[in-house]
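This report concerns only the one structure given below.
For this chain, numbers begin at 1 and follow the sequence in order.
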Amino acid sequence: MPSSDKPTVVLVHGAFADASSYAQVIPRLVARGLDVVAPAVPNRSLIGDAAYVAAIVRQIPGPVVLVGHSYGGAVITVAGTEDNVKALVYLAGYALEKGESLGELQGRFPDSDLAAALVYTPFPIEGSAAPGTDVSVQTDKFPAIFAADVDPQLAAVLAVSQRPLAAQAFAEAAPAAAWKTKPSWGLVASSDHTINPDVERYGYQRAGMTTVEVDSSHLVMLAHPGRVVDLIEEAVQATSD
């Protein structure tokens with residue numbers, strides 16, 4: 001169980017990925033003496049995923065710095081209202097306004113390369129005659145769109161081990177926006193082909209975040225883990241003062 005006298009860093013992964021996307025970040029944070037939790041997000045619905053992360057956060061004694069990558073940014077926007085969350089860090093992420101959906105925010109800007117590479121697959125929903133829809137990325141296009149500056153062998157593994165996002169998550173409106181009351185930091189991946197970088201910039205600016213830009217693909221945690229850790233540590237230090 002993490003200790004309660006310093007912030008615990010909770011790392012929330014995004015769509016089409018899992019907690020292993022933080023594989024280069026976690027050992028660096030641990031080496032700096034930080035407690036880390038990296039849950040497996042269900043990627044089923046924004047509200048459900050946020051409730052799942054919030055339940056994990058509530059069980060952590062002491063303060064939490066909540067970090068979200070990509071869709072994980074939308075998740076921490078909602079889950080970050082938990083009392084012990086002291087700071088938010090967005091990594092190439094969606095910073096939604098209360099009442100706003102992913103689709104609405106993204107729809108204000110030109111599509112990224114991701115839009116033409118999505119795959120829609122039906123999946124059964126227990127107790128329902130109608131199937132749900134999983135959204136993933138064409139495996140042959142995944143490396144260029146998601147991980148252009150990540151080792152090609154690793155990018156190939158990530159392409160075939162995606163954690164899909166249920167289509168429902170794109171349409172759900174955020175019931176809260178934690179950045180309104182919590183200090184927040186944002187990293188823009190300026191060479192992002194998954195999310196239009198202007199979507200990231202807009203959300204961060206609207207929230208009044210401390211923002212940095214890194215010339216990186218969408219998977220900035222694997223491409224530039226040192227820059228990510230520095231930003232997280234900045235939030236930790238500000239929370240600890």
Going hydrophobic residue to hydrophobic residue with side-chain gaps under 4.5 angstrom, can you get from Val30 over to Val89?
yes
Apply the test side chain to side chain contact (heavy atoms under 4.5 Å, CB included) to residues Leu46 and Leu96: give CA-CA distance (whole Å), side-chain angles for both, the deciding distance (0.1 Å), then the verdict.
CA-CA 11 Å; Leu46 175 59; Leu96 299 180; 3.9 Å; yes
Flag the pair Val53 / Val41 as yes when at least one side-chain heavy-atom distance between them is below 4.5 Å, and no otherwise.
yes
Check whether any side-chain heavy atom of Ile195 sits under 4.5 Å from a side-chain heavy atom of Ser112, and report yes or no.
no
A quick test of your reading: do over 12 heavy atoms of other residues, nucleotides or ligands sit less than 6.0 Å from CD of Gln205?
no
Under the side chain to side chain contact (heavy atoms under 4.5 Å, CB included) rule, what do Gln162 and Phe146 come out as? Steps first, then yes or no, please.
CA-CA 11 Å; Gln162 295 177 50; Phe146 242 73; over 6 Å; no
Nearest 0.5 Å, what's the OG1-CG distance between Thr194 and Leu219?
7.0 Å
Nearest-0.5 Å distance, OH of residue Tyr22 to CG of residue Leu11:
5.5 Å
Can a salt bridge be assigned to the pair Glu100 and Arg108 using a cut-off of 4.0 Å between side-chain N and carboxylate O?
yes
So OG of Ser101 and CD of Glu172: to nearest 0.5 Å the spacing works out to 9.5 Å
Minimal heavy-atom distance between Val150 and Ala155, with the atoms involved, is CG1-N, 4.5 Å
Do Phe123 and Val135 sit in the same hydrophobic cluster, where Ile, Leu, Val, Met, Phe, Trp and Tyr count as joined when their side-chain heavy atoms come under 4.5 Å apart?
no
Spacing of CZ belonging to Arg58 relative to CG belonging to Asp83, to within rounding of 0.5 Å:
10.0 Å
Determine whether Asp192 and Val199 make a side-chain contact, defined as any pair of heavy atoms from C-beta on separated by less than 4.5 Å.
no
Can you hop from Val236 to Val37 via hydrophobic side chains spaced under 4.5 Å?
yes
Quick one: does Phe170's side chain get under 4.5 Å of Leu165's, heavy atoms only?
yes
Restricting to side chain to side chain contact (heavy atoms under 4.5 Å, CB included), what partner residues turn up for Arg32, sequence neighbours left out?
Val229, Asp230, Glu233
Return the OG1 to NZ distance between Thr81 and Lys98, rounded to the nearest 0.5 Å.
10.5 Å
Run the side-chain hydrogen bond (donor to acceptor under 3.5 Å, both in side chains) check on Thr121 and Asp134 step by step: do they pass?
CA-CA 5 Å; Thr121 307; Asp134 260 343; over 6 Å; no
Kindly give the heavy-atom pair with the smallest separation between Tyr52 and Ala40, and that separation in Å.
CE2-O, 3.3 Å
Does Leu66 belong to the same Ile/Leu/Val/Met/Phe/Trp/Tyr cluster as Ile47, with side-chain heavy atoms less than 4.5 Å apart forming each link?
no
On a heavy-atom basis, which atom in Ser190 and which in Pro197 lie closest, and how many Å separate them?
O-CG, 3.7 Å
Does Leu105 belong to the same Ile/Leu/Val/Met/Phe/Trp/Tyr cluster as Leu118, with side-chain heavy atoms less than 4.5 Å apart forming each link?
yes
Interatomic distance, Glu200 atom CD to Asp198 atom CG [nearest 0.5 angstrom]:
9.0 Å
Check the pair Ser21, His69 against side-chain hydrogen bond (donor to acceptor under 3.5 Å, both in side chains), reporting the backbone distance first and the verdict last.
CA-CA 9 Å; Ser21 56; His69 173 245; 5.2 Å; no
Measure from the side-chain N and O atoms of Ser20 to the backbone N and O of Ala23, and report whether any donor-acceptor pair falls under 3.5 Å.
no
Kindly determine whether Leu158 and Phe142 satisfy side chain to side chain contact (heavy atoms under 4.5 Å, CB included), including the steps that lead there.
CA-CA 8 Å; Leu158 297 173; Phe142 184 99; 3.7 Å; yes
Main-chain N/O of Ala166 paired with Asn43 side-chain donor or acceptor, under 3.5 Å
no
Minimum heavy-atom distance between Pro39 and Val10, given as atom pair plus value
CD-CG1, 4.1 Å
Between Tyr71 and Tyr94, ring centroids under 6.0 Å:
no
Hey, does the Lys NZ or Arg CZ of Arg206 hover above the aromatic six-ring of Tyr90, less than 6.0 Å from the centre and inside 45° of the axis?
no
Considering only heavy atoms from C-beta outward, does the side chain of Phe16 approach that of Leu114 to under 4.5 Å?
yes
Thr210: side chain to side chain contact (heavy atoms under 4.5 Å, CB included) partners, not counting sequence neighbours
Trp185, Glu234
Mind checking whether Pro7 and Ser240 have side chains closer than 4.5 Å, heavy atoms only?
yes
Answer yes if the side chains of Ser217 and Asp149 hold a donor-acceptor pair under 3.5 Å, and no otherwise.
yes
Is a donor from one side chain sitting under 3.5 angstrom from an acceptor on the other, for His13 and Asp18?
no
Does the side chain of Ile125 reach to within under 4.5 Å of the side chain of Pro131, using non-hydrogen atoms?
no
Between Asn196 and Phe109, the two heavy atoms sitting closest are ND2-CB, 3.9 Å
Heavy atoms of Asp35 and Lys6 approach each other most closely as OD2-CE, 3.7 Å
Is the closest side-chain heavy-atom distance between Val65 and Lys86 below 4.5 Å?
no
Side chain to side chain contact (heavy atoms under 4.5 Å, CB included) evaluation trace for Val67 with Val12
CA-CA 6 Å; Val67 181; Val12 180; over 6 Å; no
Applying side chain to side chain contact (heavy atoms under 4.5 Å, CB included) between Arg227 and each of Asp215, Val220, Val214, report the one that passes.
Val214
Do the side chain of Asp49 and the main chain of Val75 share a donor and acceptor less than 3.5 angstrom apart?
no
Is a donor on one side and an acceptor on the other found under 3.5 Å between the side chain of Ser184 and the backbone of Lys182?
yes
Can you tell me if Ser70 uses its side chain to pair, donor with acceptor, with the backbone of Gly72 under 3.5 Å?
no
